[in-house]
Structure formats: structure tokens, C-alpha cells
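Encoded as C-alpha cells, the structure appears first; notes follow it.
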Amino acid sequence: MTGFKSDFLRTLDERGFIHQISDPEGLDAACVKGPITGYIGFDATATSLHVGSLIQIMMLHWMQQTGHRPISLMGGGTSLIGDPSFKDEARKLLTPADIDANIAGIQKVFDRYLAYGDGPTGAMMINNADWLTKLNYLEFLRDVGRHFSVNRMLSFDSVKLRLDREQSLSFLEFNYMILQGYDFVELNRRTGTVLQMGGSDQWGNIVNGIDLGHKMGTPQLFALTSPLLTTSSGAKMGKTASGAVWLNADLLSPYEFWQYWRNTEDADVARFLKLYTTLPMPEIARLAALGGSEVNEAKKILATEVTALLHGRDAAVAAAETARKTFEEGALSADLPTVEIPRSELEAGLGVLAAFVRAGLAGSNGEARRSADGGGLKVNDATLTDVKRTLGLGDLNETGAIKLSLGRKKHVLLKPV
RNA sequence: GGGGGAAUGUCCCGAGCGGCAAAGGGGGCGGACUGUAAAUCCGCUGGCUAGGCCUUCGUAGGUUCGAGUCCUACUUCCCCCA
């Protein structure tokens with residue numbers, strides 16, 4: 001449906017966030033009537049979220065910007081179980097200590113996107129461990145469990161994958177969707193939440209919560225899912241050679257984060273500007289209209305805006321400047337990713353291949369050797385030809401570091417300490 | 001309950017007469033061309049103290065000078081009969 005009356009849905013719609021809504025007219029009407037409360041749950045399976053979650057965070061952001069109250073729900077309780085949806089095997093079980101540490105890491109990011117506070121549109125940070133860990137089993141079965149039809153749960157696509165392949169789906173995992181459904185009801189009771197959002201793979205789990213709400217006497221609840229995001233070439237978002245594109249700066253520096261967006265494919269620029277920046281639509285339309293090599297300007301703006309939201313404007317501008325010096329002037333920027341190395345090792349002479357491994361540009365000496373064979377390694381901008389040479393203090397350049405490059409895009413400074 | 005088939009390079013799919021570091025894809029990385037894009041072409045895609053050594057084919061044993069390949073047991077999955 002198009003032609004939403006509420007600012008919230010209109011914004012999400014025109015920016016490409018909407019995949020499915022359970023009752024579009026009903027939700028639209030509720031949004032027009034006054035501030036509503038909605039949430040998205042985040043698994044605590046790693047110490048940082050990655051770009052795959054950014055679209056969800058942006059939905060919460062817009063929710064607040066358009067006059068509603070967003071809740072970021074930490075899955076402290078549900079992560080004890082692990083979401084089996086569309087997975088073909090069980091995840092490793094996390095300990096409560098792991099999960100607490102993960103939540104601590106994840107929370108840091110949200111302050112950038114949401115304004116937490118008590119007002120009618122103040123965001124809330126809630127952990128579902130608050131109630132899930134206190135449940136009494138028999139009580140829970142009688143109050144909540146009786147509303148779930150196993151027949152129906154078995155029919156969900158998210159579990160079918162496992163069942164069709166006759167792979168074991170433990171009772172523990174099977175309960176995940178019940179707990180997620182219960183979360184929705186519990187949040188409604190505690191905060192008046194009426195909307196749960198999430199990726200399209202969460203549709204079944206969310207609708208389950210709505211059904212449970214009906215049976216347990218909540219007001220009408222709503223589901224809204226975002227499309228599963230892939231790049232134009234079909235790759236899942238957030239994967240690079242070196243691993244996931246983390247949001248936390250200690251796992252991926254602002255410069256590297258900026259680079260990830262700078263390298264967006266042409267065909268994705270407009271879509272990403274709408275999803276991941278807060279630039280006004282007319283401005284995005286202007287950038288999207290740029291043709292040929294001019295799209296590079298749009299990509300730089302995309303990279304800077306996305307980075308500014310996450311790491312702050314200063315860090316984004318600095319990243320852009322480092323990139324400009326490195327790529328456009330070919331000059332040496334002291335702000336490139338830096339790896340420190342004991343001065344004594346340099347004095348003793350460090351094998352070049354080992355140096356590239358230390359810098360994180362190669363996984364092993366063999367890999368570094370192959371890259372060199374292909375002409376892909378550079379030391380201080382000179383192509384490496386002798387893989388047996390060693391690096392010493394004499395290789396330090398004017399900034400007191402050694403610049404190691406893999407390909408044209410990846411540069412690391414090796415700095416003695 | 002009975003019968004038949006399958007598990008391969010820790011990214012995925014997939015060939016593999018007892019001599020195999022193991023065909024071929026996809027993906028990824030690098031090079032050329034460009035615009036730090038896409039498409040295209042080329043190279044690489046177990047580890048190491050590097051022409052020699054070490055570790056890999058579901059798990060554990062066995063046969064053999066030598067096992068991904070043959071035998072036994074186990075695990076998991078697929079198909080057929082009941």
C-alpha cells in the first residue's frame with residue numbers, strides 16, 4: 001500500500017524500509033492518532049552488531065524522528081537459547097557472562113541513533129532477561145504455552161528447513177519463537193508497545209507474538225518487516241574479505257567503515273542513501289541522478305554521512321580526508337590504520353611476508369607470498385619483488401612508519417614502538 | 001524393522017581405476033582495463049624454518065610398500081520396501 005498518512009510510515013515507505021506490514025491501514029491510523037511505541041530485538045551473539053543490523057537501527061531512528069517511542073530490546077534472555085530460524089544447525093550455546101559482555105558492547109552504538117529519555121518519544125533500552133530469567137516453568141506453560149499450537153509452529157518456514165532435512169531441532173531452540181512472542185506481549189504490558197519490527201526473516205516470529213497477544217488480551221499489535229538486504233550483485237550485506245563489517249570502532253575503525261561504503265556498487269548508491277543516511281529525499285534524488293564518474297561524489301557523501309551517524313561527524317570527515325590524501329593525492333596519510341610492532345623486532349630485521357601477516361593484510365606467509373607473486377603487495381608504495389628481504393629501521397619513511405599495501409585499496413602503517 | 005545410497009580441500013557446490021595437496025565451478029583475493037564502480041580478460045585460492053617437510057577427504061580401527069579410494073564398526077543425512 002502506498003499513500004500512508006502518518007509521517008512514520010510515509011518516511012519508511014519512501015526510503016525503502018518496508019517489506020511487509022501486518023495491517024497497514026490499522027498501523028497507519030494508530031500512528032496518526034498519537035505516539036506509538038515500537039521495538040526491535042537484537043541478539044547478543046557477538047560483542048558488536050554489524051552493518052546487517054544497521055537497517056533495523058535506522059528504522060528505530062526514524063520512528064523517533066517522526067514522533068514515536070522506539071525501544072531497543074537486548075536479547076539477553078533469548079540469546080541463552082539461540083534463534084533457530086532458517087538456520088540449518090544449532091548455534092553454540094552462550095554463557096550468561098558472554099551475553100552480558102556482548103550486550104555491553106552492543107549498547108554503545110545505540111546512543112548515536114536514539115535519544116534515550118523519559119518523554120513520550122524518549123527511547124528505551126530494555127533487556128528481555130529482566131523477565132525471561134524469572135519465569136516459572138509450570139506457570140509459564142499454563143499461562144502462555146497453552147496458546148501455542150505445535151501443529152502450527154511446525155508449519156512455519158523458519159523451522160521447516162530443519163525439519164525437512166530431518167536435522168534435529170532441539171526443544172530448547174523450538175521454544176525460541178514462543179519466548180519472542182511472549183516478549184511482545186510482555187513489552188505491551190510494561191510499556192504499551194504495539195509494534196514489533198525486524199528483518200523479513202523475523203516475520204513468522206513477530207506474527208506469532210501478535211497471535212499470542214490476541215489470546216492473552218492485549219490490544220491489536222502490529223508487525224513491520226524490512227527487506228532482506230543484498231547488494232545489487234546479490235551478496236549479503238556486511239561481508240568483506242577480512243570479515244564482518246562491525247559497527248564498534250574497536251573492531252572496525254571509522255576509516256575502514258568509511259571505505260566499506262565508499263566502495264558501494266553504482267547500482268546501490270541511491271538505495272543505500274535512502275536507507276542508511278538521513279539526507280532529505282530531494283538531495284538524494286539529486287545525488288542519484290549523477291552519472292558516470294560523478295557517482296563517486298555521491299559515494300563519498302554516502303560514506304561520510306553513514307560514518308558520521310555512527311562514529312560522529314569529526315571521525316567521518318577525518319576518514320574522508322585520509323582517503324582523499326591516500327587515493328587522490330597519492331600522499332602518505334598518517335591516519336591510515338596502524339599496527340604497532342616492537343622496535344627491537346625491526347632492528348633485528350623482520351621478514352616482509354611476516355610483516356604483512358602482522359599487519360593483518362595476509363592470513364599466512366604463504367598467502368602473502370602468493371599476493372606478492374601476483375604483484376599485489378607494496379612496501380612504501382614500491383611493488384614487492386623480493387619476498388625474502390627483511391624490513392629494518394632503514395625502511396621507515398618520513399613519518400616514522402612503514403606503509404604496507406595490499407592491492408590498491410588496503411593500506412596499513414607499521415609503526416615501531 | 002528390512003534394503004540401497006551419500007558424507008571430499010573448515011566459505012559453498014562438486015569430480016575423484018589403490019600412487020592425491022586431490023579435476024571443475026561459484027564465491028573471495030590479486031593483476032590488467034576503469035571511476036577506489038560494474039562488466040570483461042588473466043593469475044591465485046592447505047601450512048611451514050619452502051623444490052624438502054607437515055596436515056587434510058564424517059569418526060574410530062584394519063588390509064597394503066602406499067588408502068579420499070578396499071574392509072569393519074560408529075555418527076549423520078537421502079531414497080525404497082514394510
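Per chain, numbering begins at 1; letters A, B, ... match sequence-line order.
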Q. If we take the C1' atom in both B/C20 and B/G66, what is their distance in whole Å?
A. 12 Å
Q) Quick one: do the A/K409 and A/N263 side chains pair a donor with an acceptor below 3.5 Å? A) yes
Q: Please identify each residue that fulfils side-chain contact (heavy atoms from CB on, under 4.5 Å) with A/A323, with sequence neighbours left out.
A: A/Y255, A/W258, A/Q259, A/F327
Q: Indicate whether the side chain of A/Q180 and that of A/Q196 have a donor and an acceptor atom separated by less than 3.5 Å.
A: yes
Q. Taking the side chain from A/E294 and the backbone from A/L290, do they hold a donor-acceptor pair closer than 3.5 Å?
A. no
Q.
Using atom C1' in both nucleotides, what's the gap between B/A37 and B/G24 to the nearest angstrom?
A. 30 Å
Q.
Work out how far the C1' atom of B/A21 is from that of B/U40, and round it to whole angstrom.
A. 31 Å
Q. Does a side chain donor of either A/W62 or A/D7 reach within less than 3.5 Å of an acceptor in the other side chain?
A. no
Q: Using heavy atoms to find the nearest nucleotide of RNA chain B for A/G407 and A/V295 separately, return the residue whose nucleotide is more 5′.
A: A/G407
**Q.** Any-strand Watson-Crick or G-U partner of B/C57, both distances under 3.5 Å
**A.** none
Q) Looking at residues at least two apart in the chain, or sitting in another chain, which of them share a salt bridge (charged side-chain N to carboxylate O under 4.0 Å, His left out) with A/E14? A) none
Q. Once you round it to whole Å, what is the distance between P of B/U36 and CG of A/L302?
A. 16 Å
Q: Return the orientation label for the A/F140 and A/Y182 ring planes: parallel under 30°, perpendicular over 60°, tilted otherwise.
A: perpendicular
Q. Which pairs, with at least one residue in residues 309-324 of chain A and sequence neighbours excluded, count as a salt bridge (Lys or Arg N to Asp or Glu O under 4.0 Å)?
A. A/E305-A/R313, A/E321-A/R324, A/R324-A/E329
Q. Between A/K409 and B/G30, does any side-chain N or O lie under 4.0 Å from OP1 or OP2?
A. no
Q: Rounded to the nearest angstrom, tell me the gap between atom CG in A/L353 and atom C1' in B/U49.
A: 13 Å
Q. Taking the P atom of each, how far is B/U72 from B/G5, in whole Å?
A. 12 Å
Q) Can you tell me how far C1' of B/A37 sits from CZ of A/R271, to the nearest Å? A) 15 Å
Q: Pick the C1' atom in B/A7 and in B/G16, then give their distance to the nearest Å.
A: 14 Å
Q. Under a 90° cut-off about 0 for the syn range, is B/C54 syn or anti?
A. anti
Q) Near RNA chain B, under 4.0 Å by heavy atom, which residues of residues 310-328 of chain A? A) A/A323, A/F327
Q: Measure the distance from NZ on A/K410 to P on B/G28 and round it to the nearest whole Å.
A: 12 Å
Q | Nearest-Å distance once atom C1' is located in both B/A60 and B/U76 | A | 15 Å
Q. From A/T78 OG1 over to A/M177 CE, what is the distance, rounded to the nearest 0.5 angstrom?
A. 13.5 Å
Q: Taking atom types as modelled, find out whether A/T95 and A/D98 have a side-chain donor-acceptor pair closer than 3.5 angstrom.
A: yes
Q: Return the nearest nucleotide to the side chain of A/E265; candidates are B/U36, B/G30, B/A37.
A: B/A37
(Q) Counting the atoms with a prime plus P, OP1 and OP2 as sugar-phosphate, which does A/E294 contact under 4.0 Å by heavy atoms, base, sugar-phosphate, or nothing? (A) nothing
**Q.** side-chain contact (heavy atoms from CB on, under 4.5 Å) assessment of A/I301 paired with A/L279
**A.** CA-CA 10 Å; A/I301 292 171; A/L279 293 174; 3.8 Å; yes
Q.
Counting only Watson-Crick pairs (N1-N3 plus N6-O4 or O6-N4) and G-U wobbles (N1-O2, O6-N3), all under 3.5 Å, who is the partner of B/C11?
A. B/G26
Q.
Could you check whether A/Q56 and A/S53, counting side-chain N and O atoms only, form a donor-acceptor pair closer than 3.5 Å?
A. no
Q: For A/N263 and B/G35, give me the distance from atom CG to atom C1', rounded to whole Å.
A: 11 Å
Q. In whole angstroms, how far is the P atom of B/G35 from the CG atom of A/L290?
A. 16 Å
Q. Roughly how far apart, to the nearest Å, are B/G18 and B/G14 at atom P?
A. 23 Å
Q.
Only pairs with both distances under 3.5 Å count, Watson-Crick or wobble alike; so what is the partner of B/G35 in this structure?
A. none
**Q.** A/L350 CG - B/U49 C1' separation (whole Å)
**A.** 15 Å
**Q.** B/G58 and B/C78, which share atom name C1', separated by this distance in whole Å
**A.** 15 Å
Q) Where the side chain of A/W258 is defined as all heavy atoms beyond and including C-beta, which of B/A37, B/U36, B/C29 is the nearest nucleotide? A) B/U36
Q: Establish whether the base of B/G43 is bridged to the side chain of A/D373 by a donor-acceptor pair shorter than 3.5 Å.
A: no
Q) In the strands shown, is B/C77 matched to any nucleotide by a Watson-Crick or G-U wobble pair with both distances under 3.5 Å, and which? A) B/G5
Q | Nucleic acid contacts - residues 379-388 of chain A versus RNA chain B, non-hydrogen atoms under 4.0 Å | A | none
(Q) How many whole angstroms separate atom OH of A/Y260 from atom P of B/G28? (A) 12 Å
Q: Return the nucleotide paired to B/U49: Watson-Crick means purine N1 to pyrimidine N3 with N6-O4 or O6-N4, wobble means G-U with N1-O2 and O6-N3, both under 3.5 Å.
A: none
(Q) Nearest 0.5 Å, please: how far is CZ in A/R262 from OG1 in A/T307? (A) 12.0 Å
Q. Think A/K300 has a side-chain N or O under 4.0 angstrom from the OP1 or OP2 of B/A37?
A. no
Q. Which atoms form the tightest heavy-atom contact between A/C31 and A/F8, and what is the distance?
A. SG-CD2, 3.8 Å
Would you list the protein and nucleotides 44-48 of chain B atom pairs, both N or O, that sit under 3.5 Å from each other?
unit_1	atom_1	unit_2	atom_2	d
B/C44	O2'	A/R370	NE	3.4
B/G47	OP1	A/S364	OG	2.9
B/G47	OP2	A/R370	NH1	3.1
B/G47	OP2	A/R370	NH2	3.4
B/C48	OP1	A/N365	N	3.1
B/C48	OP2	A/G366	N	2.9

